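Here's the structure we're looking at; comments come further down.
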Protein chains: 2
Amino acid sequence: MSPPIAPSIAHEQHRLIHDIYVLLDDGDRRVLQKVNLSPLEFSVLQRLDTAQGRRLTDIGAELLCVKSTITRLVDRLEAHGLVRRTPDPDDRRAQRLLLTPRGLALRDEAIRLHDAAVERRMGLLEPAEQQQLRMLLEKLRAGLSEDLESADQ
Amino acid sequence: MSPPIAPSIAHEQHRLIHDIYVLLDDGDRRVLQKVNLSPLEFSVLQRLDTAQGRRLTDIGAELLCVKSTITRLVDRLEAHGLVRRTPDPDDRRAQRLLLTPRGLALRDEAIRLHDAAVERRMGLLEPAEQQQLRMLLEKLRAGLSEDLESADQ
DNA sequence: ATGCAATAGTTGCAGTTGCAAGCAATTATA
DNA sequence: TATAATTGCTTGCAACTGCAACTATTGCAT
C-alpha cells in the first residue's frame with residue numbers, strides 16, 4: 001500500500017490545528033513586520049514591564065525555548081534599545097529584563113496592530129462559537145500540559 | 001501603563017491555539033525522533049507515494065514553505081535513501097519525487113507511531129467534544145485561508 | 001515565429017534556533 | 001562548614017529556513 005493511509009479523526013484534528021497555526025503565524029508575521037518584530041520577539045515584549053522586570057529563564061520557560069535562544073533574542077532587542085538588562089537584587093547570577101520607554105511604546109503599538117488583526121481573524125467565528133472553541137481549547141491545553149509533564153520524566 | 005494590557009477574548013483564543021500548537025509540535029518531535037525525522041520531513045513523506053510521485057513545488061505550496069527549503073529537505077531525505085527524484089515526463093524543468101521501498105517502510109512506521117501519539121493526546125477530549133472542535137476548526141481554517149488569499153494581493 | 005513573462009528547481013547568503021560545554025553564583029548534602 | 005549538585009546565563013557550533021539571484025524550460029503575446 002503505497003498511497004497515503006486513511007487518516008483518523010484525531011489525526012484530522014491535529015492537522016487542523018497545525019494548519020490554523022500556520023495561517024495565524026503567517027498573518028502575525030505580516031502584521032508584526034510593520035514594527036520590525038518577529039513573533040517570538042513580540043511574545044517576549046508582551047511579557048515585560050518597565051518596573052519589576054522578569055528573569056530570562058522564566059521567559060524562556062513560558063515560551064518553551066532554550067535559554068540560549070532568549071539570550072540572543074534579548075541581545076537583539078537590547079541592541080535596538082527596546083529592553084534593558086539589570087542585575088537581579090535577589091540573585092547575583094540572574095538578570096532582570098526591563099522595557100525601556102522606547103520598548104514600551106513599540107510594544108504598545110505592536111499590541112494595537114496585532115490585536116486588530118487577531119480580532120479580525122478570530123471574528124470569523126460567531127461569539128457563541130468563540131466561546132465554545134475557547135472552552136474546548138482550554139481543556140485540551142490543560143491535558144496536553146499534563147501529558148508533557150509526564151513525558152518529561 | 002507599563003504592565004501587560006488586558007487581553008481580549010479573541011486574543012485569548014489566538015494564544016490558546018498557539019500554546020496548543022507548541023505542545024503538539026513538541027510531542028511530535030519526541031515521537032518522530034525515534035525514526036530520526038523532523039516534523040517537516042514527516043509531512044513531506046506523508047504526501048508521497050511509490051508510483052506517481054509529486055512535484056517539489058506542489059509539496060512546498062501545501063506546506064507553506066519556500067522552494068529552496070524543499071530542495072534541501074529532499075536532498076537530506078534522498079541522501080538517507082528515503083526518496084528518489086525522477087524527471088517529470090510532462091515538464092523537463094520539473095522533478096517528480098518518489099518514495100523508495102525503504103522510505104515507504106519508514107514512513108509507515110512513522111505514521112504508526114505518530115498516529116498512536118496523536119490518538120492519545122486528542123483522546124483527552126470526549127468524542128462529542130472532538131466532533132465539535134473539528135467543526136469549529138474547519139470553519140476557522142476556511143475563513144483564514146480566504147483571509148490569506150485576500151492579503152496576498 | 002520571436003521575444004517576454006512566468007515557472008521549476010538550485011545555490012549563496014544571512015538570520016534564527018537548539019544542543020552541549022562552560023563560568024559564576026546559589027542551594028543542598030554530608 | 002566544606003563539597004557537591006543545581007541554577008542562571010552565555011558562547012561555540014551545527015542545522016534548518018527564508019530571501020534573492022540564477023539557469024533552464026515553458027507559455028503567452030504579439
Side-chain angles (χ1 to χ4, degrees), chain A residues 18 21-22 25-30 32-33 36-45 47-48 53-80 82-98 148 152-153, chain B residues 21-22 25-30 32-33 36-45 47-48 53-80 82-98 152-153:
Chain A
H18 179 272
Y21 170 79
V22 171
D25 185 63
D26 187 78
D28 287 352
R29 281 180 196 280
R30 287 167 195 261
L32 293 173
Q33 206 162 18
N36 206 22
L37 290 174
S38 75
L40 190 56
E41 288 165 349
F42 178 60
S43 296
V44 170
L45 291 185
R47 284 167 171 74
L48 296 181
R54 309 246 355 236
R55 291 164 30 161
L56 302 199
T57 301
D58 294 342
I59 294 173
E62 277 184 25
L63 267 33
L64 284 189
C65 57
V66 300
K67 295 174 295 181
S68 60
T69 299
I70 300 296
T71 292
R72 281 179 283 225
L73 187 150
V74 167
D75 288 346
R76 299 197 293 273
L77 292 177
E78 200 168 28
H80 285 81
L82 303 175
V83 302
R84 188 161 56 82
R85 282 182 241 236
T86 18
D88 185 318
D90 303 330
D91 187 336
R92 274 188 296 174
R93 293 170 301 181
Q95 308 267 355
R96 289 207 164 261
L97 196 59
L98 295 169
L148 177 64
D152 265 342
Q153 298 149 8
Chain B
Y21 170 79
V22 171
D25 186 63
D26 187 78
D28 287 351
R29 281 180 196 280
R30 287 168 196 261
L32 293 172
Q33 205 161 19
N36 206 21
L37 290 174
S38 75
L40 190 56
E41 288 165 349
F42 178 60
S43 295
V44 170
L45 291 185
R47 283 167 172 74
L48 297 181
R54 308 236 9 226
R55 291 164 29 160
L56 302 199
T57 300
D58 294 343
I59 295 173
E62 277 184 25
L63 267 32
L64 285 189
C65 57
V66 300
K67 296 175 297 181
S68 61
T69 299
I70 300 296
T71 293
R72 280 178 283 225
L73 187 149
V74 167
D75 288 346
R76 298 196 294 271
L77 293 177
E78 199 168 28
H80 285 80
L82 302 175
V83 302
R84 188 160 55 84
R85 283 183 240 238
T86 20
D88 186 317
D90 303 330
D91 188 337
R92 274 189 295 174
R93 291 170 303 181
Q95 307 266 355
R96 289 205 165 262
L97 196 59
L98 296 169
D152 266 343
Q153 296 149 9

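In what follows, chains are A, B, ... by sequence order, proteins preceding strands, each numbered from 1. Since this is a predicted model, take the numbers as computed values, not measurements.
- Using a 4.0 Å heavy-atom cutoff across all strands shown, A/Ile70 reaches no nucleic acid atom at all.
- Straight-line distance from the CG atom of B/Leu37 to the P atom of D/dA15: 17 Å, rounded to whole Å.
- Separating the CG atom of B/Asp26 from the P atom of C/dG18 is a distance of 11 Å, rounded to the nearest angstrom.
- Considering only side-chain N and O atoms, A/Arg93 lies nowhere under 4.0 angstrom from the phosphate OP1 or OP2 of D/dT7.
- Atom CG in B/Asp75 sits roughly 11 Å away from atom C1' in C/dG9 (whole-Å rounding).
- Between A/Thr69 and A/Leu63 there is no side-chain heavy-atom pair separated by less than 4.5 Å.
- Atom CG in A/Asp90 sits about 12 Å away from atom P in D/dC9, given to the nearest Å.
- Rounded to a whole Å, the CD atom of B/Glu41 is 10 Å from the C1' atom of D/dC16.
- Whole-Å rounding puts the A/Asp88 CG to C/dT26 P distance at 10 Å.
- Between A/Ser68 and D/dT11, a side-chain N or O to OP1/OP2 separation shorter than 4.0 Å is absent.
- Here B/Thr71 lies in heavy-atom contact (under 4.0 Å) with a base.
- Checking the phosphate oxygens (OP1, OP2) of C/dT10, no side-chain nitrogen or oxygen of B/Arg72 falls inside 4.0 Å.
- Contact check for A/Gln95 versus A/Arg54: no side-chain heavy atoms found under the 4.5 Å cut-off.
- Between the CZ atom of A/Arg54 and the P atom of D/dC9 there is a distance of 11 Å, rounded to whole Å.
- Dashed line: the shortest gap from a side-chain N or O of B/Arg92 to OP1 or OP2 of D/dA24 is not under 4.0 Å.
- Here B/Glu78 does not pair with B/Arg84 in a salt bridge; the nearest charged N to carboxylate O distance is not below 4.0 Å.
- Residue B/Arg76 is classed as a sugar-phosphate contact, given heavy-atom separations below 4.0 Å to backbone atoms only.
- Contact of the A/Val74 side chain with the A/Arg85 side chain is registered, since non-hydrogen atoms from C-beta on lie closer than 4.5 Å.
- Backbone-only engagement by A/Asp91 is indicated by non-hydrogen atom pairs under 4.0 Å involving sugar-phosphate atoms exclusively.
- Here B/Arg85 lies in heavy-atom contact (under 4.0 Å) with sugar-phosphate atoms only.
- Sequence order on DNA chain D of the closest nucleotides to B/Lys67 and A/Arg55 puts A/Arg55 first from the 5' end.
- No salt bridge links A/Arg92 with A/Asp88; every basic N to acidic carboxylate O contact stays at or beyond 4.0 Å.
- Straight-line distance from the CG atom of B/Leu73 to the P atom of C/dT11: 15 Å, rounded to whole Å.
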